[in-house]
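Okay, structure first, notes after.
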Amino acid sequence: MENLTIIEGQGYAAIADWLASQLRERMDQSDGPVTITVPGGSTPFPIMEQLLGHDLDWTRLVVWPGDDRIVSEDHAASNTGKLRKLFEPAGAEVVTLNEMEAVPPFALAWLGMGADGHVASLFPNTDPKVDDARPVVRLTPDPLPPEAPFDRISLTMPSLLASDRLVFVLRGAEKRSVLDQAIAGNNDLPIARLLAAARQPVTCFT
Ligand SMILES: O=C1O[C@H](COP(=O)(O)O)[C@@H](O)[C@H](O)[C@H]1O
């Protein structure tokens with residue numbers, strides 16, 4: 001994949017620096033808002049804390065959760081609730097994901113990946129398609145992940161692919177092996193489908 005760069009062994013601060021430089025570049029290109037989508041789970045939040053330490057005009061940032069668990073925003077498992085607590089005090093807007101009819105193109109789609117190869121909440125059992133006509137879907141993972149056993153809402157593959165840049169941050173040898181197999185075309189997991197369809201630059205921090 002000529003559009004793919006893998007960057008290994010970076011700490012949270014270095015990844016946050018990289019993300020900040022991407023956002024700064026976009027903010028320098030126009031005076032308007034910069035709209036991104038970000039992951040949930042556990043990996044991204046310490047990086048977001050570091051990112052918010054950067055001197056950027058956060059009032060110009062619009063943050064879409066890439067997915068969420070169907071729980072109230074004050075539930076510990078709510079991605080949106082955690083994003084609000086982090087980004088809103090800095091002045092950024094955080095969007096509530098619902099079954100809207102359209103989503104904007106993203107300057108950057110930051111994603112995680114589960115060890116089962118799911119991206120956002122597009123789990124293998126949901127058979128996500130790169131030509132899904134829906135921008136957002138509700139779905140039920142099967143099996144339910146024990147750490148977050150909830151129904152989900154998620155951006156679809158076309159919504160994620162409508163971004164100028166894809167960025168993955170995934171930790172651990174198990175996930176790295178799933179990623180490598182996906183890149184090699186040796187599995188048909190959601191991560192493999194997304195990467196095979198991606199035409200924009202893709203950066204993977206592992
Ligand atoms: O459930 C989810 O899992 C994935 C991976 O999360 P991690 O904690 O293993 O990094 C995440 O990307 C997704 O947004 C989240 O809702």
Side-chain angles (χ1 to χ4, degrees), residues 36-48 63-86 94-103 106 109-163 166-198 202 204-206:
I36 65 171
T37 182
V38 302
S42 58
T43 310
F45 294 104
I47 301 169
M48 291 171 188
V63 179
W64 285 63
D67 70 304
D68 212 342
R69 297 81 185 266
I70 312 260
V71 294
S72 63
E73 286 192 10
D74 58 2
H75 192 290
S78 169
N79 291 338
T80 310
K82 288 185 208 154
L83 293 173
R84 281 197 200 294
K85 278 192 193 126
L86 278 173
V94 176
V95 173
T96 299
L97 205 56
N98 56 43
E99 286 170 291
M100 50 260 294
E101 288 173 6
V103 299
F106 298 107
W110 173 7
L111 290 160
M113 186 197 80
D116 60 359
H118 81 263
V119 290
S121 273
L122 304 173
F123 284 78
N125 72 293
T126 67
D127 191 22
K129 307 281 196 219
V130 293
D131 60 355
D132 196 324
R134 302 162 296 175
V136 178
V137 280
R138 276 180 178 244
L139 33 82
T140 302
D142 183 14
L144 283 172
E147 71 281 6
F150 305 105
D151 284 349
R152 306 295 185 104
I153 188 164
S154 181
L155 296 176
T156 56
M157 294 250 173
S159 296
L160 297 171
L161 288 165
S163 58
L166 288 168
V167 184
F168 291 86
V169 181
L170 47 104
R171 293 308 208 204
E174 187 184 9
K175 288 187 183 182
R176 176 59 197 262
S177 169
V178 172
L179 176 72
D180 287 342
Q181 294 298 313
I183 292 167
N186 292 339
N187 64 43
D188 184 36
L189 295 171
I191 178 70
R193 293 182 184 188
L194 191 69
L195 290 176
V202 181
C204 295
F205 289 94
T206 70

Rounded to the nearest 0.5 Å, what separates atom [atom1] in [X] from atom [atom2] in [Y]?
X: C204; Y: I191; atom1: SG; atom2: CD1; result: 6.5 Å
X: L194; Y: L160; atom1: CG; atom2: CG; result: 6.0 Å
X: F150; Y: S121; atom1: CZ; atom2: OG; result: 11.5 Å
X: D68; Y: I153; atom1: CG; atom2: CD1; result: 8.0 Å
X: L170; Y: F205; atom1: CG; atom2: CZ; result: 11.0 Å
X: L195; Y: L161; atom1: CG; atom2: CG; result: 9.5 Å

From CA spacing to verdict: side chain to side chain contact (heavy atoms under 4.5 Å, CB included), T140, F123: CA-CA 8 Å; T140 302; F123 284 78; over 6 Å; no
Flag side-chain contact, heavy atom, 4.5 Å: P44 against V169: no
Side-chain heavy-atom pair E101, P135 within 4.5 angstrom cut-off: no
Kindly give the heavy-atom pair with the smallest separation between [X] and [Y], and that separation in Å.
X: T80; Y: P65; value: OG1-CG, 3.6 Å
X: A197; Y: V130; value: CB-CG1, 3.7 Å
X: A198; Y: L166; value: CB-CD1, 3.7 Å
X: L111; Y: A120; value: CD2-N, 4.1 Å
X: R152; Y: P145; value: NH2-CG, 3.4 Å
X: L97; Y: W64; value: CD1-CE3, 3.9 Å

Only distances under 3.5 Å count here; give the side-chain donor-acceptor pairs of residues 175-185 to other protein atoms, sequence neighbours excluded, each with its distance to 0.1 Å.
from	atom 1	to	atom 2	distance (Å)
K175	NZ	M113	O	2.8
R176	NE	D180	OD1	2.9
R176	NE	D180	OD2	3.3
R176	NH1	E8	OE2	2.5
R176	NH1	T206	OG1	3.1
R176	NH2	E8	OE2	3.4
Q181	OE1	N186	ND2	3.0

All side-chain hydrogen bond (donor to acceptor under 3.5 Å, both in side chains) counterparts of N125, not counting sequence neighbours: none
D74 side chain to G81 backbone, donor-acceptor under 3.5 Å: no
N79 (side chain) donor-acceptor with D67 (main chain) under 3.5 angstrom: yes
CD/E147: more than 12 non-hydrogen atoms of other groups inside 6.0 Å: yes
F168: partners by ring pair (Phe, Tyr, Trp, His ring centres under 6.0 Å), with sequence neighbours left out: none
Listed partners of P128 passing side-chain contact (heavy atoms from CB on, under 4.5 Å), at least two apart: L122, T126, M157, P190, R193
Partner residues of R84 under the salt bridge (Lys or Arg N to Asp or Glu O under 4.0 Å) criterion, sequence neighbours left out: E73, E88
Working for side chain to side chain contact (heavy atoms under 4.5 Å, CB included), residues S159 and V136: CA-CA 8 Å; S159 296; V136 178; 5.5 Å; no
Inter- and intrachain pairs under salt bridge (Lys or Arg N to Asp or Glu O under 4.0 Å), touching residues 133-142, at least two apart: E99-R138, D132-R134
